[in-house]
Amino acid sequence: MTDRAPQPVDRQLPTEESRDLLALVREIAQREIRLRAAEEEDAGRFPREVFTLLSEAGLLGLPYPGEYGGGEQPYEVYLQVLEELAAARLTVGLGVSVHSLACHGLAGYGTKEQQAAHLPAMLGGGLLGAYCLSEPAAGSDAASLTTKAVRDGDDWVITGTKAWITHGGVADFYTVLARTGVEGPKGITAFLVPGDAAGLTAAVPEKKMGMKGSPTAQLHFDGVRVPDSRRIGEEGQGFSIALAALDAGRLGIAACAIGVAQAALDEALTYALDRKQFGHPIADFQGLRFMLADMATKIEAGRALYLAAARLRDAGKPFSRQAAMAKLFCTDAAMAVTTDAVQILGGYGYTADFPVERLMREAKVLQIVEGTNQIQRMVIARHLAGPETR
């Protein structure tokens with residue numbers, strides 16, 4: 001692995017403030033994240049101190065209102081911050097995206113009193129959040145979730161199990177979707193649950209192929225009591241809140257994917273320029289030059305796609321179809337680019353001495369989380385042709 005920092009991406013940013021922000025993010029990424037990423041991922045170490053630093057720097061609440069400690073940045077800028085962080089270490093970039101997802105419900109659907117009580121600590125007070133929708137038997141079919149919340153006076157009592165929870169067991173708060181009424185999407189309600197709530201326990205984290213530094217665990221709710229003041233939105237509104245959050249979250253995954261792909265291209269290009277065979281740098285050989293060109297094209301196309309969707313969101317226009325397209329294309333591109341990066345490095349690419357094998361393993365999960373890419377194709381097709389008639 002080279003210690004040389006990659007060349008900054010030539011970004012089109014809307015303001016001088018946003019250009020300064022991206023410069024700060026690059027500095028933090030290089031100084032505090034990138035150089036330790038391989039060692040800490042190999043050890044399975046979660047970098048909580050990095051998230052504390054990002055919170056202190058105002059980077060955990062970028063797309064949220066300034067009155068509650070947010071950065072009031074457009075998604076166009078926030079997503080490019082995620083890309084830079086993910087290029088340094090996906091555990092961090094994806095972690096910031098998940099934290100933002102966990103804040104989305106309260107920021108968008110909470111009362112003024114709830115927002116004033118909780119958002120300042122969530123956005124800039126050093127807290128870290130997680131999002132609890134999936135369950136062992138309810139993944140892609142999230143509307144079939146069975147975790148229940150039963151009303152008991154002024155409280156709700158939550159019982160059930162959530163699965164595949166990023167930051168499970170280390171988060172300070174969880175946005176939890178639970179069934180409070182009829183079967184299907186109309187019987188689901190959202191709650192803000194403290195991480196230290198009585199009756200809430202985390203299982204041993206999953207043993208994963210990649211992102212070993214990011215804990216992913218089941219959460220068990222054994223009669224967890226939550227006051228009604230922590231209910232987000234109306235009863236039965238939870239599934240629509242979850243879908244709105246996922247539209248935004250899919251853009252976060254797309255940006256992270258392009259960050260991973262960019263990191264892989266940077267490594268492959270550096271290696272191809274330095275490595276000599278037959279008396280020439282291997283970057284002189286047309287077969288590899290064409291691979292590099294295709295990798296760069298996929299990255300530029302993916303970046304343009306997620307930014308176009310972000311600008312729709314910033315303008316208050318519908319962006320669900322474009323978010324699904326961005327998540328689909330960018331994560332497939334990341335898988336292709338990282339695989340090609342391993343090929344360009346040859347045998348060295350298959351070793352842990354270079355980061356491309358880790359990037360390839362990490363890219364795989366991005367095709368799965370926050371809606372598999374098969375689900376994204378279903379979403380896109382429904383926008384084009386309407387719901388299935390079967």
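Worth knowing before you read on, the calculation uses all heavy atoms, side chains too, and leaves out hydrogens, waters and symmetry mates. Model, not experiment: these values are computed from the prediction.
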### Task
Mind checking the CG-SG spacing from Leu219 to Cys132? Nearest 0.5 Å is all I need.
5.0 Å
#### Entry: From CA spacing to verdict: side chain to side chain contact (heavy atoms under 4.5 Å, CB included), Val224, Phe191
CA-CA 11 Å; Val224 174; Phe191 299 90; over 6 Å; no
#### Entry: Over 12 foreign heavy atoms within 6.0 Å of OH, Tyr350
no
### Message
Please enumerate all residues that pass ring-ring contact (aromatic ring centres under 6.0 Å, His included) together with Tyr174, with sequence neighbours excluded.
### Response
none
### Message
Could you check whether atom CZ of Arg289 has more than 12 heavy atoms from other residues, nucleotides or ligands sitting under 6.0 Å from it?
### Response
no
### Message
Given 3.5 Å as the limit, does a donor-acceptor pair link the side chain of Asp314 with the main chain of Glu76, or not?
### Response
yes
### Task
Answer yes or no: is there a donor N or O on one side and an acceptor on the other, between the side chain of Gln218 and the main chain of Ala203, under 3.5 Å?
no
#### Entry: N/O donor-acceptor pair under 3.5 Å between Arg179 side chain and Val182 backbone
yes
#### Entry: Carboxylate-amine/guanidinium contact Asp332 Arg377, below 4.0 Å
yes
### Task
Mind running side chain to side chain contact (heavy atoms under 4.5 Å, CB included) on Val365 and Lys208 for me, showing each step along the way?
CA-CA 10 Å; Val365 77; Lys208 298 176 299 186; over 6 Å; no
### Message
Can you tell me how far apart NE2 (His99) and CG (Leu128) are? Round to the nearest 0.5 Å.
### Response
6.5 Å
### Query
Is the side chain of Thr52 donor-acceptor paired with the backbone N or O of Arg48 at a distance under 3.5 Å, no angle test?
yes
### Summary
OG1 (Thr339) and CD1 (Ile344) are apart, to the nearest 0.5 Å, by 11.0 Å
#### Entry: Step-by-step side chain to side chain contact (heavy atoms under 4.5 Å, CB included) determination, Thr175 to Leu106
CA-CA 9 Å; Thr175 294; Leu106 188 65; over 6 Å; no
### Task
Supply the atom-to-atom distance Lys364 NZ to Thr331 OG1, rounded to the nearest 0.5 angstrom.
9.0 Å
### Message
Using only atom types and a distance under 3.5 Å, with no angle test, would you say the side chain of Gln376 pairs donor to acceptor with the backbone of Met325?
### Response
no
### Query
Atom CZ in Arg313, atom CG in Leu251: separation rounded to 0.5 Å?
8.0 Å
### Query
Do NZ/NE/NH1/NH2 and the carboxylate oxygens of Lys212 and Glu40 come within less than 4.0 Å?
no
### Query
Do the rings of His167 and Phe51 sit parallel, tilted or perpendicular, given the 30° and 60° boundaries?
perpendicular
### Salt bridge flag under 4.0 Å for residues Arg11 and Glu83
yes
### Task
Give a yes or no on whether a salt bridge exists between Asp42 and Arg358, defined as a side-chain N under 4.0 angstrom from a carboxylate O.
no
#### Entry: Short N-O contact, Glu370 and Arg250, less than 4.0 angstrom
no
### Query
What is the minimum heavy-atom distance between Lys327 and Ile253, and which atoms define it?
CE-CG2, 3.9 Å
#### Entry: Ser214 side chain to Met211 backbone, donor-acceptor under 3.5 Å
no
### Message
Is any side-chain heavy atom of Arg230 closer than 4.5 Å to one of His118?
### Response
yes
### side chain to side chain contact (heavy atoms under 4.5 Å, CB included) evaluation trace for Ile28 with Leu54
CA-CA 9 Å; Ile28 292 174; Leu54 295 177; 4.2 Å; yes
### Side chains of Glu135 and Thr146, donor plus acceptor under 3.5 Å
yes
### Task
Return the set of residues passing ring-ring contact (aromatic ring centres under 6.0 Å, His included) with Tyr348 (not counting sequence neighbours), or none when no residue passes.
Phe354
### Message
When you measure from the side chain of Tyr64 to the backbone of Ser100, do you find a donor-acceptor pair of N or O atoms at a distance under 3.5 Å?
### Response
yes
### Under 3.5 Å: donor-acceptor pair, side chain of Arg225, backbone of Pro227
no
### Query
Is there a donor-acceptor pair under 3.5 Å between the side chain of Arg36 and the backbone N or O of Glu32?
yes
### Message
Regarding Arg303 and Glu300, does a basic nitrogen lie under 4.0 Å from an acidic carboxylate oxygen?
### Response
yes
### Query
Taking C-beta and beyond as the side chain, do Gln73 and Glu17 meet within less than 4.5 Å on heavy atoms?
yes
